[in-house]
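Remarks on the structure that follows.
A quick note: this is a predicted structure, and the numbers were derived from the prediction, not measured. Counting starts at 1 for both ligands and their atoms, following the listed order.
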Amino acid sequence: MFVEKVELSVDAHHPSDFPRPLSGEVIFVGRSNVGKSSMLNVIFGKKIARTSSTPGKTKSLIFFKVNDKYYFVDFPGYGYAKASKAEREKFQVLVNAYFERRSPSGIFMLIDSMIPNQRSDIEAFEFFKNFSDTFLILTKIDRLSKSKINEKVSEVEDTFKDAKNIILFSSVSRTGLTEIEKILREILKTR
Ligand SMILES: Nc1nc2c(ncn2[C@@H]2O[C@H](COP(=O)(O)OP(=O)(O)OP(=O)(O)O)[C@@H](O)[C@H]2O)c(=O)[nH]1
Ligand SMILES: [Mg+2]
């Protein structure tokens with residue numbers, strides 16, 4: 001296990017709420033409902049991030065303090081059709097302010113294995129990859145057959161050519177957790 005201790009540190013609705021950086025920071029981004037908060041709960045080994053079957057659950061940047069040394073940040077989802085204009089603007093302000101002020105050690109970008117490649121993901125990837133190594137996580141693979149998973153992996157490889165890695169993940173079966181913990185150790189340079 002990578003995470004020995006975790007606490008919800010700051011629920012940042014405004015850039016002025018961002019905490020002072022610690023020794024390392026990893027962020028979890030992706031479309032609304034892709035499974036970011038669920039994946040964090042698996043990594044944490046407890047249900048501390050709020051999840052929901054309704055898209056648009058996470059609306060702020062939630063900083064979890066891990067092992068007293070790192071921040072893992074749960075981002076609000078993008079690409080949610082029903083989000084209001086005000087919500088989209090708030091998201092943009094938070095994200096732009098985040099990258100102006102901070103340099104994450106790594107970015108986990110989650111992609112839903114159940115849906116075709118989305119323009120919002122392609123645009124988001126082009127943006128995120130400028131800031132740090134961006135690891136692609138295909139989520140919800142418990143819901144697909146092996147052959148469908150392989151098809152999706154090829155589709156993602158063809159579209160997201162600069163991805164550091166493509167990791168298959170399920171919050172239900174916890175498939176992929178060991179690989180994610182290995183990456184966390186590498187990017188945070190710990191054993
Ligand atoms: N079958 C399956 N369902 C999943 C998995 N991961 C997440 N879900 C479900 O997908 C829904 C959304 O999960 P969340 O973790 O809240 O998604 P999110 O990306 O944090 O969403 P926002 O906060 O709205 O951006 C919930 O109903 C989860 O139970 C998975 O690996 N497998
Ligand atoms: Mg969430």
Side-chain angles (χ1 to χ4, degrees), residues 3 6-13 17 25-66 71-96 98 104 106-125 127-128 134-146 148-153 156 165-181 183:
V3 175
V6 57
E7 63 197 66
L8 197 166
S9 203
V10 176
D11 179 3
H13 286 261
D17 299 332
E25 189 157 304
V26 184
I27 67 174
F28 295 78
V29 302
R31 285 167 59 86
S32 211
N33 210 240
V34 68
K36 299 175 291 297
S37 302
S38 302
M39 177 175 155
L40 276 165
N41 285 335
V42 171
I43 296 171
F44 293 154
K46 64 178 180 182
K47 292 206 164 108
I48 172 166
R50 289 172 70 198
T51 63
S52 166
S53 54
T54 317
K57 182 68 185 174
T58 310
K59 292 183 192 294
S60 44
L61 298 193
I62 314 214
F63 289 77
F64 293 95
K65 193 190 279 183
V66 170
Y71 280 122
F72 286 14
V73 189
D74 190 5
F75 266 57
Y78 51 78
Y80 174 41
K82 286 188 190 147
S84 69
K85 195 169 172 233
E87 276 170 343
R88 277 173 216 274
E89 280 168 6
K90 178 180 163 187
F91 175 82
Q92 266 313 319
V93 168
L94 273 175
V95 171
N96 291 338
Y98 178 87
I107 301 175
F108 285 105
M109 180 175 150
L110 282 62
I111 292 181
D112 194 328
S113 63
M114 307 268 297
I115 58 174
N117 285 347
Q118 301 286 307
R119 175 173 295 277
S120 56
D121 279 333
I122 296 166
E123 289 170 0
F125 181 70
F127 175 77
F128 290 126
T134 301
F135 301 89
L136 290 185
I137 316 289
L138 279 182
T139 63
K140 308 188 186 179
I141 57 148
D142 56 285
R143 300 182 67 175
L144 289 183
S145 66
K146 263 231 151 75
K148 287 277 175 212
I149 294 171
N150 290 339
E151 269 174 40
K152 185 64 191 172
V153 170
V156 169
N165 234 336
I166 298 172
I167 297 136
L168 303 177
F169 185 78
S170 163
S171 301
V172 174
S173 66
R174 299 156 66 98
T175 303
L177 177 61
T178 309
E179 208 177 339
I180 284 161
E181 291 184 325
I183 294 172

Tell me if a side-chain donor or acceptor on [X] pairs with a main-chain N or O of [Y] at a distance below 3.5 Å.
X: E87; Y: S84; result: yes
X: S32; Y: G56; result: yes
X: K90; Y: S60; result: no
X: K46; Y: N41; result: no

Counting from 1, what ligand 1 atoms have a heavy atom of [X] closer than 4.0 Å?
X: S52; value: 11 (C), 12 (C), 13 (O), 16 (O), 26 (C), 27 (O)
X: S170; value: 31 (O)
X: V172; value: 1 (N), 2 (C), 31 (O), 32 (N)
X: D142; value: 1 (N), 2 (C), 30 (C), 31 (O), 32 (N)
X: V34; value: 19 (O)
X: G77; value: 25 (O)

*What part of K36, side chain, backbone, both or neither, has a heavy atom within less than 4.0 angstrom of ligand 1?*
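Both of them.
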
*asked:* Checking contacts here: is it the side chain or the backbone of S32 that comes within 4.0 Å of ligand 1, counting heavy atoms only? Could be both or neither.
replied: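 Both the backbone and the side chain of S32 come within reach of ligand 1.
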
*Please say whether G56 places an N or O atom under 3.5 Å from an N or O atom belonging to ligand 1.*
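Such a contact does occur with ligand 1.
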
Return the option from [options] holding the heavy atom at the smallest distance from [atom].
atom: atom 21 (O) of ligand 1; options: D74, N33, V29; value: N33
atom: atom 8 (N) of ligand 1; options: R174, M39, K140; value: K140
atom: atom 31 (O) of ligand 1; options: S171, G176, S37; value: S171

*Any chance the rings of F44 and F64 have centres within less than 6.0 Å?*
yes

*asked:* Checking Y98 against F75 for the ring-ring contact (aromatic ring centres under 6.0 Å, His included) test, could you report, in this order, the C-alpha distance in whole Å, the side-chain angles of both residues, the deciding distance, and whether it holds?
replied: CA-CA 11 Å; Y98 178 87; F75 266 57; 5.3 Å; yes

*Please identify each residue that fulfils salt bridge (charged side-chain N to carboxylate O under 4.0 Å, His left out) with K152, with sequence neighbours left out.*
E155

*Look at D112 together with K140 and state whether they make a salt bridge at an N to O cut-off of under 4.0 Å.*
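A salt bridge links D112 with K140.
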
What residue and heavy atom of the protein are closest to [atom], and at what distance?
atom: atom 17 (O) of ligand 1; result: G35 N, 3.2 Å
atom: atom 7 (C) of ligand 1; result: S38 OG, 3.4 Å
atom: atom 27 (O) of ligand 1; result: S53 CA, 3.3 Å

*Please state whether the rings of F108 and F28 are parallel, tilted or perpendicular, taking 30° and 60° as the class boundaries.*
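Parallel.
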
_So, applying side-chain contact (heavy atoms from CB on, under 4.5 Å) with I137, which one of K36, M109, M39 is it?_
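Running side-chain contact (heavy atoms from CB on, under 4.5 Å) over K36, M109, M39 with I137 returns exactly one hit, M39.
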
*So does T58 have any N/O/S atom less than 2.8 Å away from the Mg ion (ligand 2)?*
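It does: T58 brings an N, O or S atom closer than 2.8 Å to the Mg ion (ligand 2).
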
*Has S37 got an N/O/S atom less than 2.8 Å from the Mg ion (ligand 2)?*
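Looking at S37, which is the residue asked about, there is an N, O or S atom under 2.8 Å from the Mg ion (ligand 2).
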
*Around R50, counting heavy atoms of other residues, nucleotides and ligands shown, do more than 12 lie under 6.0 Å from its CZ?*
no

